[in-house]
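Reviewing the structure listed below.
Nothing here was measured: the structure is a model prediction, and the numbers come from that model.
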Amino acid sequence: MTPLLWTLIAIQIVMGVFDTFYHHEFTERLAWRPSQRFELKLHGIRNMLYALLFLLLGWLEVYGVLAILIVAVLVAEIVITLMDFVEEDLSRKLPPSERINHTLLAINYGAILVLLLPVLIDWAMQPFGVSVVYQGLLSIAATACAVGAALCGVRDFAAMRRLGRMKSVPAHGLVEKVPGRKTVLITGATGFIGSRLAASLSGAGHDVIALIRNPAKAEMLPPPVTLITSLDQLAADTPIDAIVNLAGEPIGNGLWTEAKRAKILGSRIDMTGDVVKLIARLERKPEVLVSGSAIGWYGLWADQVLTESAKSHACFSHELCAAWEKAARPAEELGVRVVCLRIGLVLGTEGGFITRMLTPFEFGLGGPLGTGRQWMSWIERDDLIRLIAYVMATPDLTGPVNATAPIPVTNAKFTEELGRRLHRPAVFRIPGGLLRRIGGGFADELLLGGQRVLPNKALSRGFVFRHETLRSAFEAIL
């Protein structure tokens, strides 16, 4: 075991740790994606093999058949890695950084094998035996790496078992209120909400036209779905019964710089304007335009209960939502019923704001934001899909509609419930001053501010939420 070989092993460990925590845990969130159960199983087996190798190479020299067994473990690692590559390509789209990291891992692993195999072959040629070799800090470091790899393996197996218990409600049953067979145009169809809506409508036998910005994401939508990349691709005689407009630049994936604010605002206004232009040139107008908005329309109101008749306070969130709703109203002059869904915090493990909380909470690092007294008006994703279908099927429902569950909670209660569901403490409070210094307006409006919103219109028209309480929603999705 030469210094160069140990250096390459150290580089492999560093890249592996980066891949595990940055990609698997924080960006791709594999532990919460039911589609990745087999990938997690492969990761778990590979991590256990790594733990074994680190211990053996850090403390022992083995001869004869035992050296051949180490070679067999190295070969098994190669087979598992190849299976992992295939599984990743079949089940998810890898980000460029993960592909690059995997390439570097493969190259470095090849270099390790070139240096390690001659040593193992030499050991294999000697009589059977085991020799303890203490290598100082290298042995201690190898032991620490073995413990870390074993813990990651246990984590992978535990996550795999949890995903096996997570059952998704069949998509087609969410839109049963939509009568007959409709043709529905969805903008933002590959997003967290749009993809579930598209799957629900197509699964129930409706015709879905999905506007997507990135053709590479088309595989996210189950067939049969008609894919378009521009509304100009739709002819004037295209029959469209309803339009659900959800497209827009994400608001929670970065600080609100001037450029980011302009992009958030422009993406929504421009797309909604294009939808209205499409309606204007269609020979047969759709029955309804369900256009996105958000509870940010109301601004920040502390503890005051907000229904659809409430007034607003000025802030960027209100400016954004007001402009978005205003851009949709000209469709009314074209004879189309317009409903603006003021959507709250959408709960689900495949996207939305909660996905950023799961990993720190699972590792016991979660807690309230600021005072924890700010209100969080939420809705479980499938309930939102059901509400969209209900709006489409209710001819006299117009104007703003609050898309939130009937029982909003404070941030402190939210974090308490999430910790309870994950069987973890939720005591690591993040100071509001720190969040403001880092996030500015983003932190004030999305993290530390809040709205206590009630869905009066939906409830008064007879819509029944499956998940009225936060505990019910968490039990369904976690």
Next item on the list: Please lay out, stage by stage, how R420 and E416 fare under the test salt bridge (charged side-chain N to carboxylate O under 4.0 Å, His left out).
Entry: CA-CA 6 Å; R420 185 199 67 82; E416 176 189 333; over 6 Å; no
Margin query: Checking side-chain polar atoms at under 3.5 Å, does E308 have a donor or acceptor matched by the opposite partner on N456?
Written below: no
Notebook entry, point to check: Pick from Q451, H318, E319: which one makes a side-chain contact (heavy atoms from CB on, under 4.5 Å) with W297?
Noted result: H318
Notebook entry, point to check: Do NZ/NE/NH1/NH2 and the carboxylate oxygens of D303 and R452 come within less than 4.0 Å?
Noted result: no
Margin query: Check for me whether R461 meets the cation-pi criterion with Y390, that is, NZ or CZ under 6.0 Å from the six-membered ring centre and within 45 degrees of the ring axis.
Written below: no
Margin query: side-chain contact (heavy atoms from CB on, under 4.5 Å) for W32 and R162? Distances and angles first, verdict last.
Written below: CA-CA 9 Å; W32 296 97; R162 178 181 60 212; 3.5 Å; yes
Check: Looking just at side-chain N and O atoms, do T229 and Q233 make a donor-acceptor pair shorter than 3.5 Å?
Finding: yes
Notebook entry, point to check: Rounded to the nearest 0.5 Å, how far apart are CG of L30 and CG of D156?
Noted result: 8.5 Å
Margin query: Using the rule side-chain contact (heavy atoms from CB on, under 4.5 Å), only one of I379, V305, T404, T307 pairs with V453; which is it?
Written below: T404
Next item on the list: Report the C-alpha distance between E350 and R381 in whole Å, list the side-chain angles of each, state the deciding distance to 0.1 Å, and finish with yes or no for side-chain contact (heavy atoms from CB on, under 4.5 Å).
Entry: CA-CA 10 Å; E350 296 177 22; R381 183 176 64 160; 3.4 Å; yes
Check: Got a second to check how far L246's CG is from L341's CG, nearest 0.5 Å?
Finding: 8.0 Å
Checklist line | Considering all heavy atoms, the nearest L105-M15 contact | finding: CD2-CB, 3.5 Å
Next item on the list: Please tell me if the side chains of V391 and K457 come closer than 4.5 Å, counting only heavy atoms from C-beta onward.
Entry: no
Check: So, do V275 and L231 sit near enough that their side-chain heavy atoms are less than 4.5 Å apart?
Finding: yes
Next item on the list: Please check if the side chain of S317 supplies one atom and the backbone of G296 the other of a donor-acceptor pair under 3.5 Å.
Entry: no
Check: Which heavy atom in S91 sits nearest to a heavy atom in S35, and how many Å separate them?
Finding: CB-O, 4.1 Å
Checklist line | NZ/NE/NH1/NH2 to OD/OE distance under 4.0 Å, E417 and K413 | finding: yes
Margin query: Consider salt bridge (charged side-chain N to carboxylate O under 4.0 Å, His left out). Of R33, R155, R356, which one does E25 pass it with?
Written below: R155
Checklist line | Rounded distance [0.5 Å steps], CD in E325 versus CG in L320 | finding: 10.0 Å
Notebook entry, point to check: Where is the tightest heavy-atom contact between L384 and I343, given as atom of each residue plus distance?
Noted result: CD2-CG2, 4.0 Å
Checklist line | Distance, nearest 0.5 Å, that separates CZ of R386 from CZ of F463 | finding: 4.0 Å
Margin query: Donor-acceptor check, side chain of N411 to backbone of Q374, threshold 3.5 angstrom: yes or no?
Written below: no
Item checked: Pair R46-T81, side-chain donor/acceptor within less than 3.5 Å -> yes
Item checked: Ring centroid separation F192 to F353 under 6.0 Å -> no
Checklist line | Heavy-atom pair of closest approach, residues R342 and P400 | finding: CZ-CB, 3.3 Å
Check: Looking at R281 and L234, what are the two nearest heavy atoms and their distance?
Finding: NH1-O, 2.7 Å
Notebook entry, point to check: Which atom names give the shortest non-hydrogen contact between F428 and L365, and what distance separates them?
Noted result: CB-O, 3.7 Å
Margin query: Looking at E249, is its backbone amide N or carbonyl O close enough to the side chain of R268 to form a donor-acceptor pair, meaning the two atoms are under 3.5 Å apart?
Written below: yes
Notebook entry, point to check: Any side-chain heavy-atom pair from I228 and I209 closer than 4.5 angstrom?
Noted result: yes
Notebook entry, point to check: What distance do Q304 atom CD and H313 atom NE2 have between them, rounded to the nearest 0.5 Å?
Noted result: 7.5 Å
Margin query: Could you measure the distance from the NE2 atom of H467 to the CG atom of L347? Nearest 0.5 Å is fine.
Written below: 10.0 Å
Check: Are V178 and V184 close enough, and set up right, to give a side-chain contact (heavy atoms from CB on, under 4.5 Å), and what steps lead you there?
Finding: CA-CA 11 Å; V178 179; V184 183; 5.9 Å; no
Checklist line | Side-chain donor or acceptor of R424 paired with backbone N/O of F363 under 3.5 Å | finding: no
Notebook entry, point to check: Checking ring-ring contact (aromatic ring centres under 6.0 Å, His included) for the pair F474/F414: CA distance, chi angles, key distance, verdict?
Noted result: CA-CA 10 Å; F474 281 157; F414 188 97; 5.4 Å; yes
Checklist line | Under-4.0 Å salt bridge between R99 and D89 | finding: yes
Notebook entry, point to check: Taking 4.0 angstrom as the limit, do R284 and D241 come out as a salt bridge?
Noted result: yes
Check: Between W378 and I407, is there a donor-acceptor pair closer than 3.5 Å when you use the side chain of the first and the backbone of the second?
Finding: yes
Margin query: Applying side-chain contact (heavy atoms from CB on, under 4.5 Å) to V244 and M392, what does each step give before you reach the verdict?
Written below: CA-CA 9 Å; V244 182; M392 290 168 56; 4.2 Å; yes
Notebook entry, point to check: If you draw a 6.0 Å radius around NZ in K177, do more than 12 non-hydrogen atoms from other residues or ligands fall strictly inside?
Noted result: no
Next item on the list: Step through the shown structure and confirm whether more than 12 heavy atoms of other residues, nucleotides or ligands are within 6.0 Å of CZ on R213.
Entry: no
Note to self: Is it the case that over 12 heavy atoms from other parts of the model lie below 6.0 angstrom from the NZ atom of K41?
What the structure shows: no
Next item on the list: Inspect the surroundings of NZ in K285 and state if more than 12 heavy atoms from other residues, nucleotides or ligands are less than 6.0 Å away.
Entry: yes
